A.B. asks: 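Have a look at this one before I ask anything.
Everything numeric here is computed off the predicted structure, so don't read it as measured data.
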Number of protein chains: 2
Amino acid sequence: MGDLCDFSQLLARHGVRLTAVRLAVLDILGAAPRALRAAEILEMIRTRRQVNKVTVYRILDDFTHRGLLRRLILEGRVSHYELACEHHPPHPHFQCHLCREIQCLEPVPLIRMWTELQGPVGNRADQIDVRVKGLCHKCREIS
Amino acid sequence: MGDLCDFSQLLARHGVRLTAVRLAVLDILGAAPRALRAAEILEMIRTRRQVNKVTVYRILDDFTHRGLLRRLILEGRVSHYELACEHHPPHPHFQCHLCREIQCLEPVPLIRMWTELQGPVGNRADQIDVRVKGLCHKCREIS
DNA sequence: AATCGAAAATCAACTGAGTTGCAAGTATAA
DNA sequence: TTATACTTGCAACTCAGTTGATTTTCGATT
Ligand SMILES: [Mn+2]
Ligand SMILES: [Mn+2]
Ligand SMILES: [Zn+2]
Ligand SMILES: [Zn+2]
């Protein structure tokens, strides 16, 4: 999924030092087929090296503010993260209400809704998030 | 906002006993111009009577599962609640990234996107949430 | 009116993702 | 090499929400 991005170059461009943990975070998210929770990323890094959770949380937060990652709020309390580089434009997400698994959906054009969604005169809309909830195909055939 | 609903009748129809706290929750949400956090609802009930937070959380959870309220996940950690009766169909929400305030927007037709948003064949989409982020008109004129 | 069982409210203790402040370590610059 | 800034680690904390056990209230039955 992220095999198109050169992460060390990406970090350099953002004026961020290349460190083992930072690269691991990007590698893992780049290889993931879906958005991941901080705890999942932490666990995956720990299969390679020892790391403190605070370090990972701080990196995720920093990268999000730099626009390198997107933080997805799909359910209460836990955030999910995904790459935000040019090869991964914003897109809607699907969450199964049974297995809670998250899927990335293809981008849909929202341009026609944009004006309507600005709401009361004077609001400035910067971003539109679309979240689909339902039953995924795996859970459908089980139940 | 909720002056159209007869709450005592609504509770009766759901086979739920009418109690002071339950009615207060519905009254408050019915009068609110926007979705409220549990802590806000709790505080507002406490201007009238003494009540434990667990009671309020349990009522909000119960009402949500009965489909009497909608729980909105708009930012991490805190949920917002709004009435889900027939006078208040699902609709998009706007959140200002500066003051964090939430506004309800008019419903928009999503029917054209529905098929696209089902995603991989076999998924069943039940619900589409639209969330707009930006700068509200109040915060715009300040900054 | 007194009794009883179910539903509702309370209390204290807990959960867990995420945060904070500060100390220790490591890389870059002078 | 030494000074400096940046990065990581550790421990303690926060806070919305949850849990389980106990007490209170309600509505029915006798
Ligand atoms: Mn995605
Ligand atoms: Mn609303
Ligand atoms: Zn599923
Ligand atoms: Zn605002």
A.B. asks: I would like to know whether B/R71 and B/E82 meet salt bridge (Lys or Arg N to Asp or Glu O under 4.0 Å); could you show each step before the answer?
C.D. replies: CA-CA 7 Å; B/R71 175 186 274 132; B/E82 65 181 6; over 6 Å; no
A.B. asks: How would you label the contact of B/R22 with the nucleic acid (heavy atoms, under 4.0 Å): base, sugar-phosphate, or nothing?
C.D. replies: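 Sugar-phosphate, no base atom in range.
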A.B. asks: Would you kindly say whether B/T64 and B/D62 are connected by a side-chain donor-acceptor distance under 3.5 Å?
C.D. replies: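 No, because no side-chain N or O of B/T64 sits under 3.5 Å from a partner of the opposite role on B/D62.
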A.B. asks: Return the 5'-most residue of the pair B/V16, A/D61 with respect to DNA chain C, ranking by each residue's nearest nucleotide.
C.D. replies: B/V16
A.B. asks: Is there a donor in the side chain of B/Q9 and an acceptor in the side chain of B/H14, or the other way round, less than 3.5 Å apart?
C.D. replies: no
A.B. asks: Applying a 4.0 Å non-hydrogen cut-off, can you work out what B/R58 is touching in the nucleic acid: base, sugar-phosphate, or nothing?
C.D. replies: base
A.B. asks: Counting the atoms with a prime plus P, OP1 and OP2 as sugar-phosphate, which does B/A38 contact under 4.0 Å by heavy atoms, base, sugar-phosphate, or nothing?
C.D. replies: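 Sugar-phosphate, no base atom in range.
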A.B. asks: Return the 5'-most residue of the pair A/R37, B/K53 with respect to DNA chain C, ranking by each residue's nearest nucleotide.
C.D. replies: B/K53
A.B. asks: Whole Å only: how far is the CG atom of A/L11 from the P atom of C/dA27?
C.D. replies: 16 Å
A.B. asks: Rounded to the Å, how far apart are A/Q50 CD and D/dC10 P?
C.D. replies: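 In whole Å, D/dC10 P and A/Q50 CD are 6 Å from each other.
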A.B. asks: With a 4.0 Å limit, can you tell me whether B/Y57 has a side-chain N or O closer than that to the phosphate oxygens OP1/OP2 of D/dT18?
C.D. replies: no
A.B. asks: Evaluate side-chain contact (heavy atoms from CB on, under 4.5 Å) for B/L105 paired with B/H93, printing each intermediate quantity in order.
C.D. replies: CA-CA 5 Å; B/L105 302 178; B/H93 292 88; 5.8 Å; no
A.B. asks: Of A/T55 and B/R77, whose nearest nucleotide on DNA chain D comes first from the 5' end?
C.D. replies: A/T55
A.B. asks: Counting side-chain heavy atoms from CB outward, which of D/dA5, C/dA6, D/dG9 is closest to B/R17?
C.D. replies: C/dA6
A.B. asks: So if I take every side-chain heavy atom of A/T19 and compare against D/dA5, C/dT10, D/dT8, which nucleotide ends up nearest?
C.D. replies: D/dT8
A.B. asks: Quickly work out the A/L18 CG to D/dC6 P distance and round it to whole Å.
C.D. replies: 17 Å
A.B. asks: Main chain of A/G134, side chain of A/H97: is a donor-acceptor contact present, judged purely on distance under 3.5 Å?
C.D. replies: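 The answer is yes, because a donor-acceptor pair under 3.5 Å joins these two groups.
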A.B. asks: How close or far is atom P of D/dA16 from atom CD of B/E40, stated in whole angstroms?
C.D. replies: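 Atom-to-atom, B/E40 to D/dA16, this comes out as 11 Å.
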A.B. asks: Are any of B/N52's side-chain N or O atoms less than 4.0 Å away from OP1 or OP2 of C/dA9?
C.D. replies: no
A.B. asks: In whole angstrom, give the distance that lies between atom CD of A/E75 and atom P of C/dG18.
C.D. replies: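 It is 10 Å, rounded to the nearest whole Å.
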A.B. asks: How close or far is atom P of C/dA9 from atom CG of B/L42, stated in whole angstroms?
C.D. replies: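 So the CG-P distance, B/L42 to C/dA9, works out to 13 Å.
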A.B. asks: Quick one: label B/V54 by what it contacts on the DNA or RNA (base, sugar-phosphate, nothing), any heavy atom closer than 4.0 Å.
C.D. replies: base
A.B. asks: Which whole-number value in Å describes the distance from A/R66 CZ to D/dC6 P?
C.D. replies: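 Whole-Å distance recorded here is 10 Å.
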A.B. asks: To the nearest Å, how far apart are B/R71 CZ and D/dA16 C1'?
C.D. replies: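 For the pair B/R71 CZ and D/dA16 C1', the rounded distance is 12 Å.
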